[in-house]
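Reading through the structure tokens given below for one structure.
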There are 2 protein chains.
Amino acid sequence: MLNYQLDRLFHALADATRRAMVERLCQGPATVSELKEPFAMSLPAVVQHLKVLEEAGLVTTSKQGRTRTCQIEPRALREAERWLQHQRTEWERKLDRLGELLEET
Amino acid sequence: MLNYQLDRLFHALADATRRAMVERLCQGPATVSELKEPFAMSLPAVVQHLKVLEEAGLVTTSKQGRTRTCQIEPRALREAERWLQHQRTEWERKLDRLGELLEET
DNA sequence: ATAATACTTAAGGACATGCTTAACTATCAG
DNA sequence: CTGATAGTTAAGCATGTCCTTAAGTATTAT
């Protein structure tokens, strides 16, 4: 996975509106208007957020008739999780090595 | 945990330079100049990234003499991880319920 | 056919971000 | 004391982000 994908992923999650959309979509699919509903924001704004989520790979959409349905793409969430997990693990390993070193001396 | 903290956290991680700094610091503490070393970037730029990491709670620093030493703050990493984990879990629960529903019918 | 619905496209504006260079301060080494 | 080192402060600039309104298209309902 290239770094710029992580850029997009974390950038997408760095906005409270978009995180709320992700939370909503984790409960099940929704149309654009349904996604808009909790926000005091114009529809174009919502669609722009949606575009950011799609480009991050977090959401997929498909249009049927005049309504667009949005779905979460949990693999993307997992990639972000994995990067964080990896860093934490490295950190804990480092701590363990330090602990061993202290015991030896 | 307030949302704007997650904003800062994810925003801080949305930049490849800053993620590289986090990766470096997960291996152990470093001075500002050591952090700068891999990058073709001015020192002020590095310090600005560092400030973003500090405000996100990802890094703490302390100055001794003329050198500033930077350390990772793994709790912040874990908070981001937790949010992601929670969303994934909700999603998986949702899937399970859906599976049960399909078996019933 | 008409009107309402569900988006979509385009343009623009206020503010944030990620850099730069230049000039500065504080500390340590010789 | 002098100079090198480590970092800081300030200003400025190009570009990106997040929103808006206005005007459009395509689909569905009456």
Side-chain angles (χ1 to χ4, degrees), chain A residues 2-25 28-71 76 80, chain B residues 2-25 28-72 80:
Chain A
L2 294 171
N3 277 350
Y4 64 80
Q5 193 53 33
L6 272 182
D7 282 23
R8 290 185 187 174
L9 207 45
F10 283 124
H11 167 68
L13 295 173
D15 181 281
T17 300
R18 286 193 293 265
R19 281 198 308 280
M21 289 178 171
V22 167
E23 287 174 15
R24 168 65 188 79
L25 290 175
T31 67
V32 174
S33 299
E34 282 166 359
L35 272 186
K36 175 194 181 304
E37 200 266 327
F39 304 110
M41 189 182 290
S42 68
L43 195 63
V46 170
V47 172
Q48 283 160 30
H49 281 303
L50 206 47
K51 195 182 163 207
V52 173
L53 290 170
E54 280 198 76
E55 285 175 350
L58 280 163
V59 167
T60 57
T61 74
S62 66
K63 200 163 180 178
Q64 192 149 2
R66 64 184 164 175
T67 73
R68 176 171 299 280
T69 304
C70 312
Q71 278 199 295
Chain B
L2 294 172
N3 277 350
Y4 65 80
Q5 193 54 32
L6 272 182
D7 283 23
R8 290 185 188 174
L9 207 45
F10 283 123
H11 167 70
L13 295 174
D15 181 281
T17 301
R18 286 193 293 263
R19 281 198 309 278
M21 289 178 171
V22 167
E23 288 175 14
R24 167 65 188 79
L25 290 175
T31 67
V32 174
S33 300
E34 283 165 359
L35 271 187
K36 173 193 180 309
E37 201 265 328
F39 303 109
M41 191 183 287
S42 68
L43 195 63
V46 169
V47 173
Q48 283 161 30
H49 281 304
L50 206 47
K51 196 183 163 207
V52 173
L53 290 170
E54 280 197 75
E55 286 174 350
L58 280 162
V59 167
T60 57
T61 74
S62 67
K63 200 163 180 179
Q64 192 149 2
R66 63 182 164 173
T67 73
R68 177 172 298 280
T69 305
C70 312
Q71 279 199 294
I72 199 78

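The figures here come from the full heavy-atom set of this structure, side chains too, leaving out hydrogens, waters and symmetry mates. These numbers come from a predicted model, not from an experiment. Lettering of chains follows the sequences in order, A, B, ..., and the numbering in each one begins at 1.
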Please report, rounded to the nearest Å, how far the [atom2] atom of [N] is from the [atom1] atom of [X].
X	N	atom1	atom2	answer
L50(B)	dG18(C)	CG	P	14 Å
R8(B)	dT17(C)	CZ	C1'	15 Å
R68(B)	dT5(D)	CZ	C1'	16 Å
K36(B)	dC19(C)	NZ	P	12 Å
F39(B)	dG18(C)	CZ	P	13 Å
E37(A)	dC7(C)	CD	P	13 Å
K51(B)	dG18(C)	NZ	C1'	13 Å
D7(B)	dC15(C)	CG	C1'	16 Å

Under 3.5 Å between N/O atoms: give me all the protein pairs with nucleotides 25-30 of chain D, atom names plus distance.
from	atom 1	to	atom 2	distance (Å)
dT27(D)	O2	R66(A)	NH1	3.0

Presence of K63(A) side-chain N/O under 4.0 Å of dA6(C) phosphate oxygens OP1/OP2: no
dC7(C) phosphate, OP1 or OP2, under 4.0 Å from S33(A) side-chain N/O: yes
Does any N or O in the side chain of [X] come within less than 3.5 Å of the main-chain N or O of [Y], such that one atom is a donor and the other an acceptor?
X	Y	result
R68(B)	V32(B)	no
Q71(B)	T61(B)	no
R19(A)	L13(A)	yes

Protein-to-nucleotide contact annotation, 5' to 3' order, nucleotides 18-23 of chain D [B base; S sugar-phosphate only; - none; under 4.0 Å, heavy atom]: SBBBB-
Can you tell me how far the [atom1] atom of [X] sits from the [atom2] atom of [Y], to the nearest 0.5 Å?
X	Y	atom1	atom2	result
Q5(B)	E55(B)	CD	CD	9.5 Å
E34(A)	T69(A)	CD	OG1	8.0 Å
D15(B)	M21(B)	CG	CE	8.5 Å
F10(B)	R18(A)	CZ	CZ	12.0 Å

Non-hydrogen side-chain atoms of V52(B) and H11(B) separated by less than 4.5 Å: yes
Close side-chain approach of R8(A) and L58(A), heavy atoms under 4.5 Å: no
